[in-house]
Structure formats: C-alpha cells, structure tokens
Participant: 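Sending over a structure as structure tokens; questions will come in a sec.
Every heavy atom of this structure was used, including side-chain atoms; hydrogens, water molecules and symmetry mates were not.
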Amino acid sequence: MPTTDATTAAATAATAVRTGRLEAPGATLHYEVRGRGPLLVMMPGGSADAGIYDTLAAELADRWTVAAFDPRGYSRSTLHGPAGEQLPGAHSEDIARLIELLSPGGAPAAVFGSSSSAIVALELLSRRPGLVGRVVAHEPPLVELLPDPAAGRAVFAAVRESFLRDGVEAAMATMAAGLAPEGGAGGGRYEAATGADEESRAATGPVEDGGATAPPEESGGGSEAEAKGKAGAEVDAVAEAATVRRMMANLPVFLEHVLCSFSGHAPDLDALRAAGPKLVVGVGRDSRALLPAVAAERLAQRVGSATAEFPGGHVGLTEDPVAFGARLREVLLG
C-alpha cells in the first residue's frame, strides 16, 4: 500500500505544470499541460491567459491531461508581426493544432471555452468536428443571436471607440454604462455582461496596491505541514499576481482587436446543429438575465444542443473554481 509521502508525491507529479511552445502561422503559442489521460483543452476568455485556469486545471488533472494556453497576441504567445483584427476562425485553428499535438493517439479532445473563448470553441466544433468529443461553451456573447443584434453591436463598438480615444479606463466606464442592468446602475456587472474580463476584476483583490503581495504573518511555531501550506499559499499568491498583471497588459489587444470581431461573429448554425450531440452550452446560475447568457440560451435553442447551469455568474470559474470544476467534471463525464 502506498505511503502518505508516496501518495503526496504522485499527486504533486500529476498536477505539475509542463510548458511548451507551438508554432502557428503568424504566432508562437505558449501552452501548459497538467495531468494524464484524455485531453481537455481549457480556453481563456476576455484578456485572460493560461494562468486563469491554474486552480481549475489542478482540480481536473486527476482525470484528464489538461492543457491551457495563452491566445495569440496575449502574454507569452507572441505574434510574428503587428497586432491586427483577431478572428475566431484563426484562433480555432490554433486549438486544432494544439489538439493534434497533445491528444494521446489522436483521440478526440474535450474543449471548454468561456465568454469570448466559447465563441472560438464553437468555431472549432463547426470547422473540425472530428477533433472533439465534447465542447462546453460557457456563455458565448454572440450578439448576432440576440433579439436586437444592432443594439449589441453598437454597445461593443462604443466600447472600442472609447478605448481608442481615451484608453482602457474610459472603455471600461463605457462598458459599464452600456451594459448596466435595466433600471439600475452597472454596479461592476459590466464584465459579466460582456466577457470583458470580470476574470481580471475577480483576481485583482491581492494586487490592487501596485501589485504587491502581503507577506505571510510570522508564526511562533507550527507543524511542517503547516509551514509547507503557508509556503504554497505564498507561491500561489505570487503566481496570481503575475497572472493579473499579464491580463491587464492584454486588455488593449482585447479591446481593440478582439471584442467587436468575436462578439459580432456569426456562427455556422447548420454545422453546429449537425454536431449538436457533442455540444453543451453553459449558463451561469447568477447571470441568466445578462447578455452572454441570453445569447447562449438562444444558441442552444437554435441548434438543439443541451444546456447546463454552472455555479456563479459569467465568470463563475474565478468566483469559486472548486465548485465550478466539480460541475464541469459532471458535464464532461455526462
């Protein structure tokens, strides 16, 4: 029977991060892999990168080879030329290459996308259905599926124009004003209505004061396990702070080159209908009245796919990664 130390070492090895670089037309992609088993690709949305999935990937690495990555033009995935308009089709081909590289024996992969990356997941399913066995698309903000697509396009266009004229802070204020729930102030909910990085807001708590992380309190004693736990928490805090800084640095690319082209994308509904049994559309329990959830449910109705409710709101994956991961596990295995 394995000893406690051996069990701990095995668990640590299963969640250890292995990194790599993948060449793609026009970009070099950074990816991270944990675990063993069938491939699960976790696609970051908004201005997020692979770091947004650190906790969630570790939770799922006991059952899957979990791959996360920085989208092209973000963080450590460098473009070979100037940034230009980003399109879901090109991003979906990046994921196809990653699956072909990492999937054991060429087996179909599972794919999870949230917000803008859910749009990429849908494009991958419609273009390359043979590469995937299950796609979970959590609240893709597809304005073309809304009751009033022109109004949705106008909101996002105004955000982009505000960024180009006055910068990130002004763009976020425009987002808040344009997507506030009817009859009330935005109250910080604009991210949940658009995918424009509630991921960042949810993670900024430890780094609001210039990115500094408070040192752990000194203790007069404690066990070796407690000491290791404190050391691990300190490492996690440093990694989280670094992730947040990268995400904030990605916001200009997101606002200028991703927001409008992704949200305005018209999915291939016929192809998605044909691949419907592979698709599960996710909706947050707390965000059903907001733009991405409305679009998501209309997508499911149009293509006849299953829907699944997830804990939290549009970015429940950062609000409670453990609960979100448990629900994602159920959906993937269902």
Participant: Do the two ring centres, one from F69 and one from H30, sit under 6.0 Å apart?
Facilitator: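 No, the ring centres sit 6.0 Å or more apart.
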
Participant: Is a donor on one side and an acceptor on the other found under 3.5 Å between the side chain of R134 and the backbone of V331?
Facilitator: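 Yes; judged by distance alone, with no hydrogens or angles, the pair exists.
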
Participant: Group every Ile, Leu, Val, Met, Phe, Trp and Tyr by side-chain heavy-atom contacts under 4.5 Å, then state whether V120 and L101 land in the same group.
Facilitator: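 Yes.
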
Participant: Answer with yes or no whether the side chains of E139 and S115 bring together a donor and an acceptor at under 3.5 Å.
Facilitator: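 No, E139 and S115 have no side-chain donor paired with an acceptor closer than 3.5 Å.
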
Participant: Kindly say whether A158 contributes a backbone atom to a donor-acceptor pair with the side chain of S162 at under 3.5 angstrom?
Facilitator: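 Judged by distance alone, no pair lies under 3.5 Å.
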
Participant: Is it true that F324 and H138 have ring centroids separated by less than 6.0 Å?
Facilitator: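 Here the rings of H138 and F324 have centres that are less than 6.0 Å from each other.
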
Participant: Regarding H91 and E123, is there a side-chain donor-to-acceptor distance under 3.5 Å anywhere?
Facilitator: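 No pair is found: no donor N or O on one side chain lies under 3.5 Å from an acceptor on the other.
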
Participant: I need the L122 CG to R127 CZ distance, nearest 0.5 Å.
Facilitator: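 Going from CG on L122 over to CZ on R127, the span is 12.5 Å.
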
Participant: Measuring from atom OG1 of T78 to atom CZ of R76, what distance do you get when rounded to the nearest 0.5 angstrom?
Facilitator: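 So the gap between those two atoms works out to 12.0 Å.
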
Participant: If we check salt bridge (charged side-chain N to carboxylate O under 4.0 Å, His left out) with D62, which of these qualifies: R36, R34, R329?
Facilitator: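 The option that passes is R329.
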
Participant: Between F112 and F310, how do the two ring planes meet: parallel, tilted or perpendicular, split at 30° and 60°?
Facilitator: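 The rings of F112 and F310 sit tilted, inter-plane angle from 30° to 60°.
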
Participant: Side chains of T28 and H80: do they bring a donor and an acceptor to under 3.5 Å?
Facilitator: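 Indeed, the side chains of T28 and H80 share at least one donor-acceptor pair under 3.5 Å.
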
Participant: Please check: side-chain N/O of S103 versus main-chain N/O of E100, any donor-acceptor pairing under 3.5 Å?
Facilitator: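 Flag not set: sc S103 to bb E100 has no pair under 3.5 Å.
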
Participant: Check the side chains of S75 and N250 for a donor-acceptor pair under 3.5 angstrom, ignoring hydrogens and angles.
Facilitator: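 Note: N250 and S75 side chains meet the donor-acceptor criterion.
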
